[in-house]
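Every heavy atom of this structure was used, including side-chain atoms; hydrogens, water molecules and symmetry mates were not.
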Amino acid sequence: MSSISELYDVSWEEMRDKLRKWREENYRNSEQIVDVGEELINEHASKLGDDIWIIYEQVMIAALDCSRDDLAWSCLQELKRQFPDSHRVKRLAGMRLEALERYEDANKLYDSILQDDPTNTAARKRKISILRAQGKSSEAIRELNEYLEQFVGDQEAWHELSELYINEHDYAKAAFCLEELMMTNPHNHLYCEQYAEVKYTQGGLENLELARKYFAQALKLNNRNMRALFGLYMSASHIAASPKVSAKVKKDNVKYAAWATSQISRAYQMAGRGKKENKCSVKAVEEMLESMQITMS
Amino acid sequence: MAHLLLDSSIRLWVVLPIVFITFIVGVLRHYVTQLLHNEKKVDLQQVSDSQVLLRSRILRENGKYLPKQSFAMRKHYFNNPETGFFKKVKRKVIPKNPMTDTSMLTDMMKGNLTNVLPMILIGGWINWAFSGFVTTKVPFPLTLRFKPMLQRGIELLSLDASWVSSASWYFLNVFGLRSMYTLILGQDNAADQSRIMQDQMTGAAMAMPPDPNKAFKSEWEALEIVEHRWALENVEEELMCQDLNFRGLFS
């Protein structure tokens with residue numbers, strides 16, 4: 001069992017910088033974090049200085065993900081010793097209780113934090129995650145709505161709510177949440193694409209048109225979003241195949257669908273460049289696109 | 001223009017020590033302020049209000065990316081004459097009287113203690129210890145009206161107003177060392193006196209002005225005049241005028 005620094009030939013500074021990068025960009029590669037972080041804590045604790053506390057927090061959350069209760073417990077002990085009255089550490093203790101499925105105790109802990117500091121958003125969000133973990137999605141939705149009434153700007157919460165609504169098949173409300181996200185992040189192509197997918201799922205001519213427009217917007221923001229490209233093709237051909245549309249709309253949509261088809265074939269050709277099976281795969285793409293055509297029966 | 005040659009020991013024993021003293025006192029003030037500093041309790045209502053105002057502002061700026069109906073729905077939520085948020089919600093505003101409000105009183109006292117008191121003490125001591133001689137010369141000409149202010153202790157009628165005493169050198173230092181403090185103590189340090197004076201002038205501009213009602217009213221007006229121009233009107237035409245750029249997708 002050789003250590004990370006031997007396996008990858010990295011120094012402790014590089015490991016620390018890697019951990020910082022993962023922390024700032026919100027990665028969730030918990031196993032890697034546990035491996036790298038554990039080694040940093042055990043071997044190089046003295047060299048890290050004050051960085052070590054935030055590394056403890058990061059490693060503890062990753063350890064909870066990987067079921068490493070021993071590591072999580074030791075990190076929590078160190079943090080408790082250094083910051084005995086901290087709400088942040090209390091929240092971590094609560095997360096550990098959640099991981100052990102002791103939801104009642106975790107709830108009591110979060111309630112005590114909220115009594116002390118009613119504006120603590122972290123504790124409220126953990127309580128909602130407990131409800132979600134227990135499968136009580138309607139209650140979770142209700143609590144999350146109340147939370148959002150007070151903290152309208154919390155984007156993480158809007159995204160979580162949209163996910164909950166999609167699970168409940170309440171697409172209109174999910175669309176509302178995604179609109180909030182699109183409003184605050186107009187250049188994020190993923191929110192546009194998710195919104196378009198929800199609109200497409202809702203169905204109906206108006207929604208399909210909206211879906212097509214937002215798929216196009218997602219493509220404009222990021223030319224390489226294949227999912228949006230397929231979505232554009234599907235929504236355009238769906239509208240074109242609908243009997244209720246005027247001739248002009250039909251013509252336009254057929255044009256859009258044809259353009260999308262050509263781009264898809266181009267993409268697959270580029271992917272297969274230099275490979276022997278290119279010709280067969282290109283033909284397979286064409287057949288796939290044919291079979292995806294919506295036919296009104 | 002009187003050319004005076006000053007003894008170089010003035011430089012060694014007056015100018016440099018004053019710089020030193022000012023700097024050390026500034027750093028000490030910063031740490032003492034940190035010790036005496038207590039966490040400001042944030043009001044839930046204020047946080048909520050400030051976020052609502054932020055949302056309304058974002059709606060005004062980025063509403064053009066939303067479908068027309070969604071934008072109208074949100075505008076209606078805020079501005080509807082009967083049920084709109086900005087029309088319906090009136091916050092009770094308690095004017096914060098600095099004399100009776102205890103928390104603000106203690107804050108003010110602490111501010112006075114850590115900033116004004118040392119300045120007075122050190123200024124007075126320097127005036128007593130380093131008086132009666134010319135310390136330095138400011139590089140720009142000054143009028144005679146500055147003489148009594150800058151030349152405390154030097155009773156010479158014919159002396160140029162540019163030659164100043166050590167007390168004025170001390171005050172020059174207090175303001176001049178600001179950037180040094182930023183370098184050493186990092187941004188947002190408590191040794192920065194001029195910033196404190198600026199704060200007193202602009203008032204509480206950050207955490208919700210003491211009158212949220214006024215903020216609501218101005219936001220209502222701003223939202224009323226906003227029109228919805230859908231940015232996605234011609235998005236397909238714009239997209240399809242050229243091939244997609246797949247660079248970097250396949251590596």
Side-chain angles (χ1 to χ4, degrees), chain A residues 117-121 148-154 175-176 178-180 182-188 191-192 195 199 206-207 209-210 212-226 228-229 232 236 252-253 255-256 258-260 262-264 266-274, chain B residues 39-78 85 89 207-208 219 223 226 228 230-251:
Chain A
D117 178 14
T119 65
N120 191 317
T121 56
L148 277 170
E149 240 171 89
Q150 298 199 303
F151 298 98
V152 213
D154 191 337
F176 183 89
L178 286 167
E179 279 162 10
E180 287 291 320
M182 276 201 304
M183 201 165 72
T184 43
N185 304 292
H187 302 294
N188 188 330
Y191 291 146
C192 281
Y195 180 70
K199 282 289 170 203
E206 252 182 53
N207 288 331
E209 291 224 350
L210 273 179
R212 189 195 69 221
K213 286 224 180 275
Y214 280 96
F215 276 129
Q217 172 76 347
L219 271 177
K220 210 168 97 162
L221 291 171
N222 180 355
N223 270 344
R224 298 174 288 175
N225 192 336
M226 283 305 286
L229 188 52
L232 179 61
D252 284 338
N253 279 291
K255 188 176 69 162
Y256 299 148
W259 181 87
S262 69
Q263 296 301 317
I264 293 176
R266 243 189 84 224
Y268 275 95
Q269 268 191 339
M270 278 179 81
R273 232 184 351 214
Chain B
E39 279 290 334
K40 235 190 299 215
K41 256 299 167 70
V42 196
D43 186 22
L44 182 58
Q45 189 81 273
Q46 281 186 341
V47 170
S48 178
D49 283 346
S50 57
Q51 290 206 354
V52 170
L53 282 170
L54 192 64
R55 179 170 175 233
S56 163
R57 201 185 82 205
I58 287 186
L59 181 64
R60 275 188 287 129
E61 284 175 22
N62 292 336
K64 59 184 195 269
Y65 295 107
L66 298 180
K68 205 177 184 76
Q69 206 188 14
S70 317
F71 178 81
M73 181 173 25
R74 285 170 169 85
K75 184 169 165 181
H76 194 261
Y77 165 74
F78 281 122
F85 184 83
V89 172
M208 234 30 268
E219 195 60 44
L223 194 53
V226 164
H228 179 257
W230 203 21
L232 271 63
E233 201 67 62
N234 296 321
V235 64
E236 286 104 346
E237 307 303 322
E238 288 163 17
L239 179 65
M240 296 185 192
C241 55
Q242 53 182 329
D243 272 345
L244 291 180
N245 182 359
F246 289 128
R247 185 159 39 110
L249 185 52
F250 312 108
S251 52

**OP:** Kindly indicate whether the side chain of Glu236(B), heavy atoms from C-beta on, has any atom under 4.5 Å from the side chain of Phe215(A).
**Re:** no
Subject >> Expected output: side-chain Gln150(A) to main-chain Ser48(B) donor-acceptor under 3.5 Å >> reply: no
**OP:** Enter the distance from Glu237(B):CD to Lys255(A):NZ here, rounded to the nearest 0.5 Å.
**Re:** 4.5 Å
**OP:** Identify which part of Leu210(A) has an atom lying under 4.5 Å from any heavy atom of chain B, answering side chain, backbone, both or neither.
**Re:** side chain
Original post:
Can you tell if the side chain of Leu239(B) reaches within under 4.5 Å of the side chain of Gln263(A), non-hydrogen atoms only?
Top reply: no
Subject >> Value rounded to 0.5 Å, distance of CD in Gln242(B) from CG in Asn223(A) >> reply: 7.5 Å
Subject >> Option that, when pairs with chain A are counted at under 4.5 Å, heavy atom only, ranks first among Asp243(B), Val47(B), Asn245(B) >> reply: Asp243(B)
Original post:
Any chance CD of Glu206(A) has more than 12 other-residue heavy atoms, nucleotides or ligands included, within less than 6.0 Å?
Top reply: no
**OP:** Could you look at Glu61(B) and say if it's the side chain, the backbone, both or neither that has a heavy atom under 4.5 Å from chain A?
**Re:** neither
**OP:** Output the option from Ala175(A), Ala236(A), Ala267(A), Pro118(A) having the highest count of non-hydrogen pairs under 4.5 Å with chain B.
**Re:** Ala267(A)
**OP:** Report the residues that fulfil side chain to side chain donor-acceptor pair (under 3.5 Å) with Arg55(B), sequence neighbours left out, ordered by chain and then residue number.
**Re:** Glu180(A)
Original post:
With chain A, which of Leu54(B), Leu44(B), Leu232(B) has the greatest number of heavy-atom pairs at distances under 4.5 Å?
Top reply: Leu232(B)
Which side-chain N or O atoms in residues 62-70 of chain B pair as donor and acceptor under 3.5 Å with protein atoms at least two apart or in another chain?
| unit_1 | atom_1 | unit_2 | atom_2 | d |
| --- | --- | --- | --- | --- |
| Asn62(B) | ND2 | Met183(A) | O | 2.8 |
| Ser70(B) | OG | Glu179(A) | OE1 | 3.2 |
| Ser70(B) | OG | Glu179(A) | OE2 | 2.7 |

